[in-house]
Amino acid sequence: MKAGLSSPVGPLTLIEGEGGIAELEWDASGGAPQTALLREALAELDAYFAGQLTEFSVPLKPRGSVFQQKFYAALCAIPFGETRTYGDLAAELGVSAQAIGQACGANPLAIMIPCHRVLGASSLGGFSGRGGVEAKVALLKHEGAAGLLI
């Protein structure tokens, strides 16, 4: 099942699977929500973009390896408005910073699993969502982390 919404970073589609939200796509293919979970997830995204929500509570069920699941948990532990570096997460998870960058790029639930909160040691790093680094900057500004960008 899919559902879509318009957001400040463009159209988004949520995909439900295995009792949770499995993917967030950067497109307008979603349509109207057909399940209670999709309605709740869309409401949470709307509240996030309205500045009324700082942490998602809907169940997130991204597919991935054991490492990816640990990585997703580490991303979700980064508080709203704060950031970590690729190196910080690499040290925490016992992998290379490059592995963290690749895992960020493969994150199927950007925004809800906040890979935009991960920065390079001396740069913003990349962002795989539509709009690239500009979308990352918009999300960081939305969260009040814009001081990092100056």
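Quick note: residue numbers are just sequence positions, from 1.
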Quiz prompt | ILVMFWY cluster, Leu60 and Tyr72 together (side-chain gap under 4.5 Å) | solution = yes
Quiz item: Side chains of Leu45 and Leu53: does their closest heavy-atom pair fall under 4.5 Å?
Solution: no
Practice problem: Return the set of residues passing side-chain hydrogen bond (donor to acceptor under 3.5 Å, both in side chains) with Arg39 (not counting sequence neighbours), or none when no residue passes. | Solution: none
Practice problem: Would you check if Glu25 and Pro11 make a side-chain contact, meaning some heavy-atom pair closer than 4.5 Å? | Solution: no
Quiz item: Quick one: side-chain contact (heavy atoms from CB on, under 4.5 Å) partners of Gln52, sequence neighbours excluded?
Solution: Ala47, Ala50
Quiz item: Rounded to the nearest 0.5 Å, what separation is found between the CZ atom of Arg63 and the CD atom of Gln69?
Solution: 11.0 Å
Quiz item: Between Lys61 and Gly17, is there a donor-acceptor pair closer than 3.5 Å when you use the side chain of the first and the backbone of the second?
Solution: no
Self-check item: Value rounded to 0.5 Å, distance of CG in Leu38 from CG in Leu5
Solution: 11.0 Å
Quiz prompt | Over 12 non-hydrogen atoms of neighbours within 6.0 angstrom of CD in Glu134 | solution = no
Quiz prompt | Shortest non-hydrogen contact from Ser7 toward Leu12 | solution = OG-CD1, 3.6 Å
Quiz item: Under a 4.5 Å side-chain heavy-atom rule over Ile, Leu, Val, Met, Phe, Trp and Tyr, are Leu75 and Trp26 clustered together?
Solution: yes
Quiz prompt | Donor-acceptor pair, side chain of Asp46 and main chain of Ala43, under 3.5 angstrom | solution = no
Quiz item: With Glu92, which residues qualify under side-chain contact (heavy atoms from CB on, under 4.5 Å), at least two apart?
Solution: Ala74, Leu89
Quiz prompt | Ile21 CD1 to Glu16 CD distance, which is reported to the nearest 0.5 Å | solution = 5.5 Å
Quiz item: With sequence neighbours left out, what residues match Ser122 under side-chain contact (heavy atoms from CB on, under 4.5 Å)?
Solution: none
Self-check item: Residues forming a side-chain hydrogen bond (donor to acceptor under 3.5 Å, both in side chains) with Glu44, sequence neighbours excluded
Solution: Ser57
Self-check item: side-chain hydrogen bond (donor to acceptor under 3.5 Å, both in side chains) against Asp27, all qualifying residues, sequence neighbours excluded
Solution: Thr13, Ser29
Exercise. Give the minimum heavy-atom separation between Leu14 and Ala41, together with the two atoms involved.
Key: CD1-CB, 3.5 Å
Exercise. Is it possible for you to say whether Ile15 and Met1 belong to one hydrophobic cluster, with membership spreading through side-chain heavy-atom contacts below 4.5 Å?
Key: no
Practice problem: Return the set of residues passing side-chain hydrogen bond (donor to acceptor under 3.5 Å, both in side chains) with Ser96 (not counting sequence neighbours), or none when no residue passes. | Solution: none
Quiz item: Looking at residues at least two apart in the chain, or sitting in another chain, which of them share a side-chain contact (heavy atoms from CB on, under 4.5 Å) with Ala138?
Solution: Val9
Exercise. Would you please name every residue forming a ring pair (Phe, Tyr, Trp, His ring centres under 6.0 Å) with Tyr48, sequence neighbours left out?
Key: Phe56, His142
Using atom types as modelled, flag every donor-acceptor pair under 3.5 Å from a side chain in residues 98-116 to any protein atom, sequence neighbours excluded.
unit_1	atom_1	unit_2	atom_2	d
Asn107	OD1	Leu109	N	2.9
Asn107	ND2	Ile113	O	2.7
His116	NE2	Glu143	OE2	2.8

Quiz prompt | For Phe71, all residues meeting ring pair (Phe, Tyr, Trp, His ring centres under 6.0 Å), sequence neighbours excluded | solution = none
Quiz item: What's the shortest heavy-atom distance between Ala121 and Thr85, and which atoms?
Solution: CA-CG2, 4.3 Å
Exercise. Check the surroundings of atom NZ in Lys2: do more than 12 heavy atoms from other residues, nucleotides or ligands lie under 6.0 Å from it?
Key: yes
Quiz prompt | Sub-4.5 Å side-chain heavy-atom contact between Val118 and Phe127 | solution = no
Practice problem: Write out all pairs satisfying ring pair (Phe, Tyr, Trp, His ring centres under 6.0 Å) with one or both partners inside residues 73-102, taking only residues at least two apart or from two chains. | Solution: none
